[in-house]
Amino acid sequence: MATKRKLPEVSVCIPVFNAERTLLRALESVAVQTFTEWEIIVVNDGSSGTDETGRDCYKIIKQFRKKHKIPRARIIYREHKTNIGLLEARRTAIEAAVSPYIIILDSDDELLPDSLKALYETAISTGADIVHGGAEVVATENISDTIIQKRVSQMQKNANKIYEGVLTEQAVFDGFLVQKNHTGFLWAKLIRRETYLEALSHIPFSNCVFAEDFLQYFFISYEAKKYAGIKQPVYRYYVDAGISSFQKISSLDRWQKICSTANVFTILFQAVKELPLDRYSQTQKEALQLQSCSYLANNIKQLKESVIPELQPQARERLCEYWGESFVNRIEEALQKSK
């Protein structure tokens, strides 16, 4: 009788879209973990990129597996023929996973040493559906650009907003949405796969570009029964030095991707209509509305500060198409009064 294969305990999910130059770094950060009961799931989301040696996504994975003598069953490869966005790439990865726990690893980031061990042991000892660890935030290049320095500093602060200890039942959802005692980034978190799948069941197919972490974690925290936070850094998040280029937006296509943040809240406001009233309170509804105002306010600031002047009239029209003209007018008035 054949010996039944022992299933891994953690699935490391890596979506890839034109990030082949950093993919190997992400993969290697998994290979050196002291915790070895993992599988890797790579989803090529219509990527056409190559690394510096000309290898595409599949070849990078194939040679990585061969180098470390990793059994084929421990690296799962899925491919989307066209780019359908990070949300759907992650959905594909979660559905393909066989482990009881999931960790999201973006292809341009890396896991810190011993991170899987720390997260998994906390999950087992606490029974948590979400284990949240700390993160290091660094720029891809050692440069003195003030914009990038501010970006790194702000991301470092946000990434390490962790509730140190345990939250249970409604306190998990309230902690994220209302009290904001922990961040909604998906990375640096170990998440029970069943909880993640329940969260995804609330979300229809969508090609989200921005705020998709908020969309997913909204429902992950809603479905979770227990959260555990630890201060140990488990993740290294890289801020692209090219981020300074976002200061000037000179095409409507690029601006439209920013406006598409509104799609996330369209999905959320529609989905929450079906949630039981005893689990989704008026306070939480108001908190979600405030979040939508905050995201729109950020879009308006980007419109005024980043879009080139000659494109601004068209860009504002596009913003109104996504968010609604009356909503845009109201937030513009509020921003003007707050000056």
Among the clusters formed by ILVMFWY side chains lying less than 4.5 Å apart, do [X] and [Y] turn up in the same one?
X    : Y    : value
I103 : F35  : yes
F17  : V12  : no
F269 : L177 : yes
L186 : L86  : no
I70  : L23  : yes

Check: Looking at residues at least two apart in the chain, or sitting in another chain, which of them share a side-chain hydrogen bond (donor to acceptor under 3.5 Å, both in side chains) with Y280?
Finding: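 Residues passing side-chain hydrogen bond (donor to acceptor under 3.5 Å, both in side chains) with Y280: none at all.
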Checklist line | side-chain hydrogen bond (donor to acceptor under 3.5 Å, both in side chains) partners of Q291, counting only residues at least two apart | finding: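 Counting only residues at least two positions away or on another chain, Q291 forms no side-chain hydrogen bond (donor to acceptor under 3.5 Å, both in side chains).
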Using only heavy-atom distances, determine whether the side chains of [X] and [Y] contain a donor-acceptor pair under 3.5 Å.
X    : Y    : value
N158 : Q154 : yes
S251 : D253 : no
S47  : E20  : yes
E223 : Y196 : no
N263 : Y322 : no
D56  : T50  : no
W187 : D109 : no

Are any side-chain N or O atoms of [X] and backbone N or O atoms of [Y], one a donor and one an acceptor, separated by less than 3.5 Å?
X    : Y    : value
R193 : A97  : yes
T82  : G46  : no
D45  : A89  : no
T195 : I191 : no
K189 : F185 : yes
Q33  : L112 : yes
Q312 : L303 : yes
R78  : I41  : no
D174 : V178 : no
R91  : L200 : yes

Next item on the list: Begin from the C-alpha positions of R55 and K62 and carry the test side-chain contact (heavy atoms from CB on, under 4.5 Å) through to its verdict.
Entry: CA-CA 10 Å; R55 296 181 299 175; K62 183 178 179 180; over 6 Å; no
Next item on the list: Specify whether Y120 and Y101 have parallel, tilted or perpendicular ring planes, treating 30° as the upper limit for parallel and 60° as the lower limit for perpendicular.
Entry: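 Y120 and Y101: perpendicular rings.
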Next item on the list: Look at the aromatic rings of Y295 and F265 and report parallel, tilted or perpendicular, splitting at 30° and 60°.
Entry: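 Taking F265 first and then Y295, their aromatic rings sit tilted (interplane angle of 30° to 60°).
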For the [atom1] atom on [X], are there more than 12 heavy atoms of other groups (residues, nucleotides or ligands in this structure) within a distance under 6.0 Å?
X    : atom1 : value
E194 : CD    : no
K257 : NZ    : no
K59  : NZ    : no

Within this structure, what is the [atom1]-[atom2] distance for the pair [X] and [Y], rounded to the nearest 0.5 Å?
X    : Y    : atom1 : atom2 : answer
Q289 : L268 : CD    : CG    : 11.5 Å
N83  : N18  : CG    : CG    : 8.0 Å
C13  : I40  : SG    : CD1   : 10.5 Å
I300 : E305 : CD1   : CD    : 11.5 Å
K66  : R72  : NZ    : CZ    : 10.5 Å
L116 : L190 : CG    : CG    : 7.5 Å

Notebook entry, point to check: So Y163 and H182, ring pair (Phe, Tyr, Trp, His ring centres under 6.0 Å) or not? Walk me through it.
Noted result: CA-CA 5 Å; Y163 182 88; H182 68 281; 7.8 Å; no
Heavy-atom side-chain proximity of [X] to [Y] below 4.5 angstrom:
X    : Y    : value
L252 : L311 : yes
F210 : V264 : no
E325 : R330 : no

Shortest non-hydrogen contact from [X] to [Y]?
X    : Y    : value
S292 : F327 : OG-CZ, 3.8 Å
S99  : V10  : OG-C, 3.3 Å
A159 : T183 : O-CG2, 4.0 Å
A26  : L105 : O-CD2, 3.6 Å
V234 : S115 : O-CB, 3.2 Å
K226 : T168 : CE-CG2, 4.0 Å

Notebook entry, point to check: Hey, mind stepping through R316 and E321 against side-chain contact (heavy atoms from CB on, under 4.5 Å) and telling me if it holds?
Noted result: CA-CA 9 Å; R316 190 183 183 284; E321 289 173 10; over 6 Å; no
Note to self: List the residues meeting ring-ring contact (aromatic ring centres under 6.0 Å, His included) with F176, not counting sequence neighbours, and say none if there are none.
What the structure shows: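 Partners of F176 by the ring-ring contact (aromatic ring centres under 6.0 Å, His included) criterion, ordered by chain and then number, come out as F214, Y217.
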Check: Sequence neighbours excluded, which residues qualify as ring-ring contact (aromatic ring centres under 6.0 Å, His included) partners of F218?
Finding: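 For F218, the residues satisfying ring-ring contact (aromatic ring centres under 6.0 Å, His included) (neighbours in sequence not counted) are F173.
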Next item on the list: Start with the C-alpha distance between V43 and E79, add both sets of side-chain angles, then the distance that settles side-chain contact (heavy atoms from CB on, under 4.5 Å), and finish with yes or no.
Entry: CA-CA 6 Å; V43 177; E79 185 173 310; over 6 Å; no
Next item on the list: Begin with the C-alpha distance, continue with both residues' side-chain angles, and end with the deciding distance and a verdict on side-chain hydrogen bond (donor to acceptor under 3.5 Å, both in side chains) for E110 and Y238.
Entry: CA-CA 9 Å; E110 58 187 318; Y238 285 91; 2.4 Å; yes
Next item on the list: Determine which pairs satisfy side chain to side chain donor-acceptor pair (under 3.5 Å) with at least one residue from residues 125-138, sequence neighbours left out, and list them in order.
Entry: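 Every side chain to side chain donor-acceptor pair (under 3.5 Å) pair that includes a residue of residues 125-138, provided the two are not neighbours, is D129-R192, H132-Y227, E136-R236.
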Checklist line | Ion pair check, D213 and R90, cut-off under 4.0 Å | finding: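 A salt bridge is present here (some side-chain N lies under 4.0 Å from a carboxylate O).
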Check: Does a salt bridge link K337 with E333, judged by any charged N lying under 4.0 Å from a carboxylate O?
Finding: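 The answer is no: the pair does not qualify as a salt bridge.
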Next item on the list: Assess whether side-chain contact (heavy atoms from CB on, under 4.5 Å) is satisfied between L319 and W255, documenting all intermediate values.
Entry: CA-CA 9 Å; L319 189 69; W255 175 245; 3.9 Å; yes
Next item on the list: Just grab all the ring-ring contact (aromatic ring centres under 6.0 Å, His included) pairs involving residues 36-64, residues at least two apart or on different chains.
Entry: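 For residues 36-64: Y58-Y77, F64-H68.
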